[in-house]
Protein chains: 2
Amino acid sequence: MEVRRQDIHNSDIPVVCRACEARHGGVCGALTSEQLTELNKHSSRHRLETGSEVIGQGETVVNYSNIMRGVVKLTKVMADGRQQIVGLQFAPDFLGRPFLTESAITAEAATDSEVCNFPRTVLDRLVKKTPELEHMLHQQALKELDEARDWMLTLGRKTAQEKVASFLYLIATHIDPESVDMSAFDLPLSRADIADFLGLTIETVSRQFTKLRKENVIRIENNRHVTVPDMDRLMRYAGND
Amino acid sequence: MEVRRQDIHNSDIPVVCRACEARHGGVCGALTSEQLTELNKHSSRHRLETGSEVIGQGETVVNYSNIMRGVVKLTKVMADGRQQIVGLQFAPDFLGRPFLTESAITAEAATDSEVCNFPRTVLDRLVKKTPELEHMLHQQALKELDEARDWMLTLGRKTAQEKVASFLYLIATHIDPESVDMSAFDLPLSRADIADFLGLTIETVSRQFTKLRKENVIRIENNRHVTVPDMDRLMRYAGND
DNA sequence: CTCGCCATTTGATTTTGATCAAGTGCAACC
DNA sequence: GGTTGCACTTGATCAAAATCAAATGGCGAG
């Protein structure tokens, strides 16, 4: 039942995938070199500029993607325009909703990004034949579910200050999985996006940034670059004791 | 690759499962009669009184469950006691977080309920051997993820009135999957639970109920029984246009 | 029947965050 | 150098929901 990849240095693996896998641990890791070669025939890399849409709410899904670089935001909008970010995805996350053809959310590059696209039909076929691949996708879905539920607590029960601190803590711990030092990073989202993520207005977000800055919980340069002198202190501000 | 159940009337299937499956479409449907028999050796049914805990936040998971009857609430609590319901599960949902031994949430019977428990170790072993079972669990995880994201929009961007209307609409459409008529039902949650679900206080919930009643969107008897004369109208109040 | 216990409702007041309305700072462009 | 545009900040006011504080109402025990 177990389908195991050969040695990662196996020359059967497409060059582009070899370079990719070395850096990331995405779902492709579940595939044999033959399957990778097959998938690679239909896959294509794309650069996404900030703000460009991967898929829109209500549209038909033709592609799944792997995020190679950057941050992708998942949003839901109401009829009157109110908007909520329901997820942030970082490399090497899988992007897409298996087994449904209509997307319930909009996915949009929050920063300059790079993705690897594969046709839905090809991957769906591969999933049916490869239990290990479904397992990877299942794990990712469960991870996203855990994150969504954590965030529900933040949205429903935290104060504006705690929400903003929670956001900063989230970014600090997710933006660069390689790095050990989480105390300095660039925000991948604008104030408007942060507000949409936290269920606040940009004004409230701005005020809370100012407050955290004045209380020396964070330092900010150029509106985007953040330094955290004491991560535990930030965590306490976030309400995660 | 496909592992198909035999005819549902196959006498190899444990009696208790036959009765169960006929009514529900839970994850056990993915198992062969042999596997069902095996699982059944270790499984046990339990009645849960309202308020009794299935698993606590931070505890070690020893059992997974299938909900046979009733409603189970999934909650998260902060150190200072603030609480958020992050999911509601109805029969025949699967209850548990595969592949993790420590629970990140508390699961508690919201109404009198009945569950079928199986040891984590037995099911985990079965999942490894049965791709179809993992597929069912994957589907359920994706469904819960979709629901969680819908709810994030409600928590982050809707008004108190819209939140309460959204809750009523959710219950109307989920409480009795068999029934065609969704216009009358009993609330499975107390005002306090509803508040925890909506990220509000009980007072605000109560006031919104009163308002919806006065505007003839709903009728309420005995604090728990709700009638909805016009479901579309309720949906508009919920902000789902 | 009455008491006491809950859950729920209702009312008065306060607080938090939203809204409305200017400012500020910075980079691109002429 | 000055103008424009944009993202963000700051300030004043407002509104929604939280908080604090009593009622109310149903229900089981005595």
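Order of the sequence lines fixes the chain letters, A, B, ..., with proteins taken first and strands second; residue numbering starts at 1 for each chain. The figures that follow rest on heavy atoms only: side chains count, while hydrogens, waters and symmetry mates do not. Quick caveat, the model's predicted, so the values are computed rather than measured.
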Q: Assign the ring pair A:Phe90 / A:His174 to parallel, tilted or perpendicular, where the plane angle (0 to 90°) is split at 30° and 60°.
A: tilted
Q: Tell me which of B:Thr210 and A:Leu200 sits closer to the 5' end of DNA chain C, going by the nucleotide each one is nearest to.
A: B:Thr210
**Q.** Under-4.0 Å side-chain N/O to phosphate OP1/OP2 contact, B:Asn223 with C:dT9
**A.** yes
Q | side-chain N/O B:Thr204 vs D:dA18 OP1/OP2, d < 4.0 Å | A | yes
Q.
Which heavy atom of A:Glu221 sits nearest to which heavy atom of A:Thr227, and what is that distance?
A. OE2-OG1, 4.1 Å
Q.
Test: ring-ring contact (aromatic ring centres under 6.0 Å, His included). Region: residues 196-241 of chain B. Which pairs qualify, not counting sequence neighbours?
A. B:Trp151-B:Phe197, B:Phe167-B:Phe197
Q: Take the protein atom CD1 of A:Ile202 and the nucleotide atom C1' of C:dA18, then report the distance between them rounded to whole Å.
A: 12 Å
Q: Would you kindly give the CG-to-C1' distance between B:Leu187 and C:dT8, to the nearest whole Å?
A: 13 Å
(Q) Whether the side chain of A:Arg207 and the base of C:dT19 hold a donor-acceptor pair under 3.5 Å is what I'd like checked. (A) yes
**Q.** Spacing between B:Asp193 atom CG and C:dA7 atom C1', to the nearest angstrom
**A.** 12 Å
Q) Under a 4.0 Å N-O cut-off, is there an ion pair linking B:Arg149 with A:Glu144? A) yes
Q: Measure the distance from CD on B:Glu221 to P on C:dA7 and round it to the nearest whole Å.
A: 22 Å
Q) Has the side chain of A:Ser206 got a donor or acceptor atom that lies under 3.5 Å from a matching backbone atom of A:Ile202? A) no
Q) Within this structure, what is the CD-to-P distance between A:Gln208 and D:dT10, rounded to whole angstrom? A) 12 Å
Q: Figure out the CG/P separation between A:Leu189 and D:dC8, and round it to whole Å.
A: 10 Å
Q | Proximal nucleotide (of D:dA17, C:dA21, D:dC8) relative to the A:Arg191 side chain | A | D:dC8
**Q.** Atom-to-atom span, CZ of B:Arg224 to C1' of C:dT9 - whole angstrom
**A.** 15 Å
Q) Between C:dT10, D:dA17, D:dT10, which one does the side chain of A:Ser206 approach most closely? A) D:dT10
Q: Rounded off to whole Å, could you give me the NZ-to-P distance for the B:Lys211 and C:dT10 pair?
A: 14 Å
